[in-house]
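Numbering of ligands and ligand atoms starts at 1, following listing order. Since the model is a prediction, treat every value here as computed from it, not as a measurement.
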Amino acid sequence: MSKRFILSIDQGTTSSRAILFNHEGEAVRSAQREFTQFFPEPGWVEHDALEIWDSVRTVVAELMDSGVTRPEEVAAIGVTNQRETAVVWDRATGEPVYRAIVWQSRQTADLCEEWQKAGYEAAIRDKTGLLIDSYFSASKIRWILDHVEGARERAEKGELLFGTIDTWLIWKLTGGQAHVTDYSNASRTLLYNIYELAWDQELLEMTGIPAAMLPEVRSSSEVYGHALAEWVGGAPIPIAGAAGDQQAALFGQACYSEGMVKNTYGTGCFLLMNTGSKAVRSTHGLLTTLAWGIGGRVEYALEGSIFAAGSAVQWLRDGLKLISSSAETGELAASVPDNAGVYMVPAFVGLGTPYWDSDVRGSFFGLTRGTTREHMVRAVLESIAYQTKDVLTAMEIDSGLPTCALRVDGGASLNPFLMQFQSDLLNVQVDRPAVNETTALGAAYLAGLAVGFWSGTEEIASQWRIAAAYEPSMLSEAREEFYTRWKKAVAAARAFV
Ligand SMILES: Nc1ncnc2c1ncn2[C@@H]1O[C@H](COP(=O)(O)OP(=O)(O)O)[C@@H](O)[C@H]1O
Ligand SMILES: O=P(O)(O)OC[C@H](O)CO
């Protein structure tokens, strides 16, 4: 029976998706399921790892039962995931010992401050390309070891395992046969030396994390094991690709040359620039990270992480009840000639690149009696574009590479107002590809390359098609004025702390 599809599993912050891609890189069928977000204290965000596994099992079963395919026709599975989110579970029972602590969660901010005061920052930056922030996995693992009775002793004895969501899912899918992760996910833990390509003993000692609980780090494109027949429609399928979702999107956007940049507009925004075999060290708050490793060769990326983007739109809908759907924001924003001086800083969980300020919180500025719902909606959408400009400016300086075009994807990239404003503000062309699910596509490509479903990146790059291109059309004075006021708003929000 010939192989017709790759099954991609995209486990995101708010939902799990499974998508079948054909040889042309087209999404043939997909299924999606949301799961519970827990906010046990202000600033904390947690997920139930078993509920995540259930959601993944369900969406995979939905595809495999849809009649579109049979497991024998699926060449491989690729897994991509919300990064940094930490799960610790019992090796024998498969039961998590605590809820998954999500990348957005700030419950370890105090611990991170202690690490900063202890002077760990230089070593961490030097070895991992990251900085000390509760965003990364290490402090989350440590928090679980400190707060769950007996966890530390059990972890030291090798009875507890740690994994980011890729590791957790591959472990579950293979029935506990594989405890692995890939370079891109390992590079987000704060424990992995991205130059030596090894877990770093000194960092493990500093952070108090036992090596026995860590997964084996493998390339992003190889067979890690087989998904058990019971989860995938009756016959085992090789799991042959894994990458963190932002690196997977860079891969799915075919950003294979140095200097190519993508921005994913989801819950947060993540800009990644391919820097090839060279790791660029940032002096402007960008992260140096592993993009992927394939066939014995790793590539690096520069990353800017924006914590709140689409989540601010969700807040307009669910928190303020100002809108009934995310999609209507585009029309509302375009219905007023400008923002009427209203600016919004969506620092719900602090600010990431380039500010790295965990204490700052969200604010609206410039409200008058003339301010309408439309202005507020517009200010929220504009804030996504301003944050992107903050990051891209830092990227161009640190890499010395000017941006020719920005490739975009993710839920909010479907908003034409936002994309046009983004292009205007950056003075750069913004390109949205025909396949918007580039994250899932990237994981599919990584898995497909490992099993010979695609021949190489050249073939993949030829599949990338543009769906919409936005060209800049704003006068430079206006661009500068808007951006100056945004910077003032950020400074004021930070001063309020
Ligand atoms: N048309 C739109 N305009 C603005 N924001 C949108 C639009 N469609 C979706 N979003 C936002 O994008 C996010 C969903 O995008 P998605 O890529 O699925 O995110 P994630 O993978 O982080 O869960 C949500 O936060 C939603 O509010
Ligand atoms: O699940 P997403 O798309 O919001 O992505 C989350 C990032 O991987 C966090 O670093």
Side-chain angles (χ1 to χ4, degrees), residues 9-17 19 30 32-35 37 45 47 52 55 80-86 100-105 130 133-137 140 164-166 184-185 187-190 243-250 252 262-272 287 289 301 303-320 322-334 346 348-349 352-353 377-378 380-385 408-422 432 436-440 442-443 468:
I9 297 173
D10 175 5
Q11 203 305 299
T13 310
T14 55
S15 73
S16 302
R17 294 185 183 87
I19 304 183
S30 69
Q32 180 171 4
R33 203 177 176 92
E34 294 198 355
F35 52 86
Q37 308 287 319
V45 190
H47 292 158
I52 285 186
S55 69
T80 181
N81 54 290
Q82 53 166 321
R83 304 166 306 164
E84 298 98 12
T85 299
I101 303 185
V102 177
W103 59 276
Q104 296 159 310
S105 195
L130 310 175
D133 193 90
S134 52
Y135 174 31
F136 307 107
S137 318
K140 303 176 194 293
T164 38
I165 297 288
D166 55 318
S184 68
N185 275 296
S187 74
R188 314 296 297 186
T189 57
L190 212 87
D245 56 8
Q246 303 310 324
Q247 284 92 335
L250 189 70
K262 72 88 198 177
N263 190 15
T264 300
Y265 298 77
T267 307
C269 270
F270 298 90
L271 281 95
L272 268 76
L287 308 171
T289 205
E303 170 171 329
S305 317
I306 296 167
F307 296 148
S311 62
V313 176
Q314 269 171 348
W315 170 75
L316 287 176
R317 188 193 63 191
D318 307 336
L320 292 190
L322 219 50
I323 55 171
S324 53
S325 76
S326 310
E328 75 185 87
T329 54
E331 264 182 40
L332 286 171
F348 301 115
V349 292
T353 311
V377 167
R378 182 164 175 143
V380 166
L381 290 183
E382 287 189 358
S383 76
I384 300 173
V408 300
D409 52 62
S413 72
L414 297 171
N415 188 311
F417 168 83
L418 174 59
M419 291 303 105
Q420 184 58 53
F421 187 74
Q422 186 71 86
R432 183 165 62 75
N436 196 47
E437 298 286 357
T438 50
T439 299

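- Residue contacts with ligand 1, taken as heavy atom pairs separated by less than 4.0 Å, involve Ser311 solely via the backbone atoms N, CA, C and O.
- Salt bridge Arg17/Glu34: absent, no basic N to carboxylate O contact under 4.0 Å.
- For ligand 1, the polar-atom distance check against Leu381 finds no nitrogen or oxygen pair separated by under 3.5 Å.
- Looking from atom 13 (C) of ligand 1 to the surrounding protein, the closest heavy atom is Gly266 C, 4.0 Å.
- For ligand 2, the atoms closer than 4.0 angstrom to any heavy atom of Trp103 are 4 (O), 6 (C), 9 (C).
- Residue Thr13 has no nitrogen or oxygen atom sitting less than 3.5 Å from a nitrogen or oxygen atom of ligand 1, judged on distance alone.
- For ligand 1, the polar-atom distance check against Thr267 finds a nitrogen or oxygen pair separated by under 3.5 Å.
- Of all atoms in ligand 2, listed by their number and element, those nearer than 4.0 Å to a heavy atom of Thr13 are 1 (O), 2 (P), 4 (O), 5 (O), 6 (C).
- Of all the heavy atoms of Thr329, the ones lying under 4.0 Å from any atom of ligand 1 belong exclusively to the side chain.
- A heavy-atom separation below 4.0 Å is not found between Gly266 and ligand 2.
- If you check which protein heavy atom lies closest to atom 23 (O) of ligand 1, you get Thr14 OG1, 2.6 Å.
- Considering backbone and side-chain atoms alike, Gly410 places every N or O at 3.5 Å or more from each N or O of ligand 1.
- A heavy-atom separation below 4.0 Å is found between Ala412 and ligand 1.
- If you take CZ on Phe136 and CG on Leu130, they are separated by 4.5 Å, rounding to the nearest 0.5 Å.
- Contacts of Arg17 with ligand 1, taken as heavy-atom pairs under 4.0 Å, involve the side chain alone.
- If you check which protein heavy atom lies closest to atom 3 (O) of ligand 2, you get Asp245 OD2, 3.2 Å.
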(request) Might you work through the ring-ring contact (aromatic ring centres under 6.0 Å, His included) test for Tyr135 and Phe307, ending with a clear yes or no? (result) CA-CA 9 Å; Tyr135 174 31; Phe307 296 148; 5.1 Å; yes
